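The shown structure was predicted, so the numbers you read here are calculated from the model rather than taken from an experiment.
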Amino acid sequence: VVCAGKKIHETLIEQGNFGAENIASRYVEECQLMSDLRHPHLVQFLGVCFLPDSTLPVLVMESLLTSLDDLLEHNPDIPLSLKRSILADVARGLVYLHSRSPPVIHR
């Protein structure tokens with residue numbers, strides 16, 4: 001499985017303009033939320049790790065080979081039926097997120 005990581009940018013923590021504790025707390029909340037989400041049309045959360053020489057957690061998730069935007073932009077000949085199928089899959093994932101309590105808003 002190829003993985004991708006998401007971390008808090010050190011500049012946000014160093015500057016402290018947004019409240020380092022608040023940023024770290026919200027990041028932990030995001031990790032906890034992601035760990036509960038299971039759906040075939042969502043990128044899968046795999047865990048959290050700490051890189052050497054860092055106290056900041058890195059959210060680890062499944063990595064896709066390309067983004068949907070890049071796929072559609074660089075492949076103009078994709079059949080309309082496949083585009084419809086992709087759109088339906090995206091909608092299913094969003095319905096899953098929005099039907100949770102409280103709803104999860106994709107950003």
- Query: In terms of hydrophobic clusters joined by side-chain contacts under 4.5 Å, are Val104 and Val95 together?
  - Reply: no

- Heavy-atom check, side chain of His39 versus side chain of Gln44, under 4.5 Å: no

- Between CG on residue Leu97 and CG on residue Leu33, distance to nearest 0.5 Å: 8.0 Å

- Message: Working to the nearest 0.5 angstrom, can you tell me the gap between Arg92 CZ and Leu42 CG?
- Response: 13.0 Å

- Message: Tell me every residue that passes side-chain contact (heavy atoms from CB on, under 4.5 Å) with Asp36, counting only those two or more places apart in sequence or in another chain.
- Response: Arg100

- Between the CZ atom in Arg84 and the CG atom in Asp89, the distance rounded to the nearest 0.5 Å is 14.0 Å

- Query: Should Leu65 and Ile86 be regarded as members of a common hydrophobic cluster, given that ILVMFWY residues are connected when their side-chain heavy atoms come within less than 4.5 Å of each other, either directly or indirectly?
  - Reply: no

- Write down the atom of Cys3, the atom of Val60, and the distance for their closest heavy-atom approach. CB-CG1, 3.8 Å

- Query: So if you build clusters from Ile, Leu, Val, Met, Phe, Trp, Tyr with side-chain heavy-atom gaps below 4.5 Å, do Leu64 and Leu59 land together?
  - Reply: yes

- Item | Lys83 and Leu72, any side-chain heavy atoms less than 4.5 Å apart | yes

- Message: Just verifying a value: how many Å separate Met61 CE and Ser35 OG, rounded to the nearest 0.5 Å?
- Response: 12.5 Å

- Message: Is there a path of hydrophobic side-chain contacts, each under 4.5 Å between heavy atoms of I/L/V/M/F/W/Y residues, joining Tyr96 to Leu68?
- Response: yes

- Task: Kindly compute the distance separating CG (Leu80) from OG (Ser85), expressed to the nearest 0.5 Å.
- Result: 11.0 Å

- Item | Any donor-acceptor N/O pair, Asn75 side chain to Leu71 backbone, under 3.5 Å | yes

- Answer with yes or no whether the hydrophobic clustering places Leu94 together with Val43; edges join I, L, V, M, F, W, Y residues whose side-chain heavy atoms lie under 4.5 Å apart. yes

